[in-house]
Amino acid sequence: MKLSKEIHKELYLKMVQTREFEETAARLFVEGKVHGTAHFCTGEEATGVGVCSALEVKDYILQTHRGHNQGIGKNMDINKMMAELLGKATGYCKGKGGCMHIADFSVGSLGANGIVGGGMPIATGAALKQQYNNEKNVTVCFFGDGATNGGAFHESLNLASVWDLPLIFVCTNNLYGMSTHINRSMNIEDISIRASGYGIKSISLDGNDVVKIYEETIKAKEYVLKNGPMLIVLNTYRWMGHSKSDPQIYRTKDEVKEWKEKCPVKRHKKYMLKNKIMSAVEIETLEKHAVRDIKAAVEFAENSPEPQIENIFDDVYAD
Amino acid sequence: MKLSKEIHKELYLKMVQTREFEETAARLFVEGKVHGTAHFCTGEEATGVGVCSALEVKDYILQTHRGHNQGIGKNMDINKMMAELLGKATGYCKGKGGCMHIADFSVGSLGANGIVGGGMPIATGAALKQQYNNEKNVTVCFFGDGATNGGAFHESLNLASVWDLPLIFVCTNNLYGMSTHINRSMNIEDISIRASGYGIKSISLDGNDVVKIYEETIKAKEYVLKNGPMLIVLNTYRWMGHSKSDPQIYRTKDEVKEWKEKCPVKRHKKYMLKNKIMSAVEIETLEKHAVRDIKAAVEFAENSPEPQIENIFDDVYAD
Amino acid sequence: MREITYAQAINEAMSEEMRNDKNLIFIGEDIGIYGGAFGVSKGMFEEFGEKRVRDTPISELVITGCAVGASMTGLRTIVEIMFSDFLTLAMDQLANQAAKNKFQFGGQGSVPMVLRAPGGSGTGAAEQHSQSLEAWVAHVPGLKVVIPSTPYDAKGLLKTAIRDNNPVVFLEQKLLYRTKGEVPEREDDYIIPLGKADVKRKGKDATIVTYGRMVQISLKVADEMAKEVIDIEVIDIRSLVPLDKECLINSAKKTGKVLIVHEACQTGGFGGELVSVIVDSDAFFYLDAPVKRLGGLDIPIPYNPGLEAQVVPTEARITATLKELL
Amino acid sequence: MREITYAQAINEAMSEEMRNDKNLIFIGEDIGIYGGAFGVSKGMFEEFGEKRVRDTPISELVITGCAVGASMTGLRTIVEIMFSDFLTLAMDQLANQAAKNKFQFGGQGSVPMVLRAPGGSGTGAAEQHSQSLEAWVAHVPGLKVVIPSTPYDAKGLLKTAIRDNNPVVFLEQKLLYRTKGEVPEREDDYIIPLGKADVKRKGKDATIVTYGRMVQISLKVADEMAKEVIDIEVIDIRSLVPLDKECLINSAKKTGKVLIVHEACQTGGFGGELVSVIVDSDAFFYLDAPVKRLGGLDIPIPYNPGLEAQVVPTEARITATLKELL
Ligand SMILES: Cc1ncc(C[n+]2csc(CCOP(=O)(O)OP(=O)(O)O)c2C)c(N)n1
Ligand SMILES: Cc1ncc(C[n+]2csc(CCOP(=O)(O)OP(=O)(O)O)c2C)c(N)n1
Ligand SMILES: [Mg+2]
Ligand SMILES: [Mg+2]
């Protein structure tokens, strides 16, 4: 598979946008402009961006609490994402959900989830609907390493397998569930092993290799449409704390440093330069674009109105 | 491993008692002497009897809704079991639980469960307590094939594995969860495969071979005390309907017939005769014992008093 | 009118809606060839096939979540949870996902699903198969909660629930499945709106507000009391959410004496809500006596039939409590 | 007296009990070196080691069930569920096992465990991390339910809960974790019995019955009203199960006017129970006005801080409702 320059451009731009989004959002927290909590995916950009860029609008995704890369990958509107983070009326959830609940049904995102593993059962339903209607589209469900220890994981993979659903389960393994290293939460060499309990295929990939992730997603989509679900494990690392208040005493600075050297953004840049896909100038232009986009998003968000108290009862029930 | 005659006697007697218990109980239902529901294990006698006979009093078991073989195997008092089935004050649960909730802490049974998979999380706690106190005893958790599809299975095997608990998970695979054949509820060749998701050992055995089951349980006990949990799958078949009201249209008469030919009781009898462990006369004596025991149990139960309404609030709370 | 059972009424409601809406599917444990643990779905597998009547593994969490996902993306779903006691395993998908999605996604993603589950004691199924857990779901904004007491209501309410664009928890009553009642011919499509209580018996001396199986018991009590020329009104609220407050309040004003009856254990039960709705309205000033509540005993449901029968409000206890009121 | 925070009080209660009882263990997600999501268990891992302070995988069902099994066989356990919203995933082990075992096993197998979980809104954690679900567990016979409002109560009640031989659901309040209050010196072992309400402020014109975070808010309202020479009694029930009915009833008789306040959404909330307890007692005849209830709005908890603040009873709304009463 040889990716076009356009694709590389898209992947790189989205990764840099994600990086910039997270760093900016973190700053907004420190400045006290955001209340509540948020979970940043810095260091994991390649996962959501690589997977989602390989999808079509009609492919669904279920996002996680750490899913800005997934949203940006699926072409969500960055302005509305940022506005939601700031709790504004123009945000994806009209300020009611915050970044743990961003969703954009118009681009195929069925929502992030505050419950670890909460999206997995829902993904089986979305994929069932696709199968029921003979659609040629698939559902992709994101979740973390920690989520694979919960009952929802088991029940969902099993049901998807029994029903041959067109569903790609994507595990972002960043080695930790909060402070708990996978060595203390499971007893297996590689998370992909878990697929065997359901008789489904799985692969385990370098989660910082956006190109490979993109390629494998394309293949996986074809595969699951024919054969039913599969599991993709993307091995990566979270650079920042679990959430804004994490003192990170459960891991060493060296470990973090080591992983920062494997930066997925830099890696893709190097790859493109080496393979002469884009020039340094072109890349720099993209980076500037990204910075500009995020700046614009913050402006949009900051200038947006707060939700009105009169609307507080909206959307509790559908008509 | 060569089993003593005493052991063989015990295994055989308990199996015949179980067979007799179930057939008698089924009759009592038809006669309208029992209300509610019950799940009979005819055909599966070797599983609970084989496993539990290899245990000591201080080894715990968690029983299933289809667990009379397990209870009799663990030396529960048959009179109290029968009395409970009839809802009498002298029953194990003082008539309050019925046969889905029989328990005898004095012989190490921590109770049957009406929730499929409900005993598994509890088993991890019992095993944790044994480990915490450095006991040389283990916990055995029974459950069915259908239960392996629930979240409790996954979370429990995972936790037990991570904590190296002295816990034997015993799956009685009788091919069906109610009307649903395992081919429609999971997508794997053998249930024992599921152990790989937790990095633990597993074996899959002929569930009608009581001798083998006994031997493997002895070994398993030693193994889990050293190495943490393992999974034993016992492949067998349920002769009767799922519960009293099951018309059994989901399976063929031929299938039932085929399995009846593999009767675990007859098989053990043959084995003993062939290996000259017991004579036909000795065996017949045991069978008579069993019939007498169950008859006595029915008498005990029928002559026992109903629970008193004054005691209805007892045991909701401990002091 | 013809008479059919409560179970048949539910079967008809589902079947008719499935005939009319190709986007409606039905999932649950052993609902297919087995016809459901209580035989409610008999014949549906044969009529609609395995694509639309879907047996599942024993995994209540994903069953419920699967319905959420399918419903959010364009299908409509009916989920059967074999006993409402197993809601304990489905609560996350029901309360944290189905109920909240539309709100937390800023209006995106309605969840038109019906979760059916039988509740109640009386069948000797003991502690883990006999509970009445409607109070849990009625406390979750975003869910609607329905409990029918007759075949007529069951059919009409279920059809409405299926057409509703919200997650509806439809709690059936095990002991009512085989009771019969008048239901219009199949051709006569009728629905009953959610949120309309039904005055099952008019009266002027006191009001019983109740739902589910206790409606029948209350009606019996009312008939008995009528012999003593005491005239009891019996209101079946039919849906807990939305609740027809007006109906309760008006009746309370009329009779001045109200008894709330439900099978669920009394403490923390929905009866408290009903009492409060009445007491915190202008009906308070019409009350001649305290609003009384009679729920089940605050204990798990025991197995022994004699004990089991005493846990829920009995005719005798309802009568006695009414007499205290009068 | 020294002042410590609510979180420290809970930490001290757990630590002291663990020092005194070698059979007491503590399990939950990230309670070890991380010290718990809200830092409540800071230092406990260091003091008691990994054998007694046990981090778990993210699996609320087995965490809870593990406690049930350990407690049934001779240990005592404290379980921390990171947010009470995740009770949705633990309900089966809590409601169908822990709560019912002793009863359904005919008296065998007590379950001396405490399940701690923080509830409540106000931290911007949105729909799935902000609920107040005490009504669910208070409706399950076999469970006890405690919600402390001050550091003093938190410590004294938690120690009692740990020593109790029943499963106790101990619901903490996220927004109170950092509030300070007087607590006796460490050496002064004290406990507070479950089932004793506390009159946090004596008054004679009206009674507010409440619990948890709403106690502090109600006290503020009472202080404000005092300026208008209106004398409000504030009762903190402290434990929902067992409930100190006598205290409520006596206060209602004294003041004749009662307002129930809680943060949980109003419909189906525990407020209905409190109203009913009062109305269905002889206090009814002393009431000068309807017993009023003020709960949270019947909507999920929104993220935006402005909206979030309006969902729960505010000082302004409590004041306004009180004035309606008076
Ligand atoms: C059911 C549930 N349990 C616990 C939490 C609290 N929590 C939020 S994120 C998280 C860690 C999740 O780990 P993982 O799945 O690996 O995702 P990551 O945060 O590493 O991206 C935890 C424990 C939750 N939100 N939901
Ligand atoms: C959580 C839960 N779901 C459904 C049921 C209803 N039910 C009781 S037994 C049973 C089948 C269980 O199958 P399996 O685990 O294979 O055990 P078996 O009955 O075959 O011994 C079902 C579905 C239940 N009791 N609990
Ligand atoms: Mg992780
Ligand atoms: Mg089976």
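Below, chain A is the first sequence line, B the second, and so on; all start at residue 1. These numbers come from the heavy atoms of this one structure, side chains and all, not from hydrogens, waters or symmetry mates.
With a 4.5 Å cut-off on non-hydrogen atoms, D:L61 touches chain C through its side chain but not through its backbone. Neither the backbone nor the side chain of D:A126 comes within less than 4.5 Å of any heavy atom of chain C. Only the side chain of D:Q131 comes within less than 4.5 Å of a heavy atom in chain C; its backbone stays farther off. Contacts between D:T321 and chain C at a heavy-atom distance below 4.5 Å are absent for every atom of the residue. The contact between D:F285 and chain C is made entirely by side chain atoms (from C-beta outward), counting heavy-atom distances below 4.5 Å.
Inter-residue side-chain proximity for C:R293 and D:E273 is flagged as met; some heavy-atom pair is nearer than 4.5 Å. Between C:D92 and D:F86, the closest side-chain pair of non-hydrogen atoms is not below 4.5 Å. Put simply, the side chain of D:L89 does not reach to within 4.5 Å of the side chain of C:L89, judged on heavy atoms. In this structure the side chain of C:W136 reaches within 4.5 angstrom of the side chain of D:V140, judged on heavy atoms.
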Report the C-alpha separation of D:F284 and C:L287 in whole Å, then their side-chain angles, then the decisive distance to 0.1 Å, and conclude whether the side chain to side chain contact (heavy atoms under 4.5 Å, CB included) test is met. CA-CA 10 Å; D:F284 177 81; C:L287 293 175; 4.1 Å; yes

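The line from OG of D:S276 to CD1 of C:I260 is 8.0 Å long, rounded to the nearest 0.5 Å. Interatomic distance, C:D298 CG to D:H139 NE2, rounded to the nearest 0.5 Å: 8.5 Å.
When each of D:A99, D:A289, D:A283 is scored by its heavy-atom pairs under 4.5 Å with chain C, the top score falls to D:A289. Interface remark: of the candidates C:P290, C:G268, C:G272, C:P290 forms the most heavy-atom pairs closer than 4.5 Å to chain D. If you tally non-hydrogen atom pairs under 4.5 Å between each of C:Q93, C:Q104, C:E134, C:Q266 and chain D, the highest count goes to C:Q104.
For the 3.5 Å distance criterion, the side chains of C:E127 and D:N96 fail to qualify, holding no donor opposite an acceptor.
Look at C:D280 and D:K292 and you find a salt bridge, because one of the NZ, NE, NH1 or NH2 atoms lies within 4.0 Å of a carboxylate O, short of that distance.
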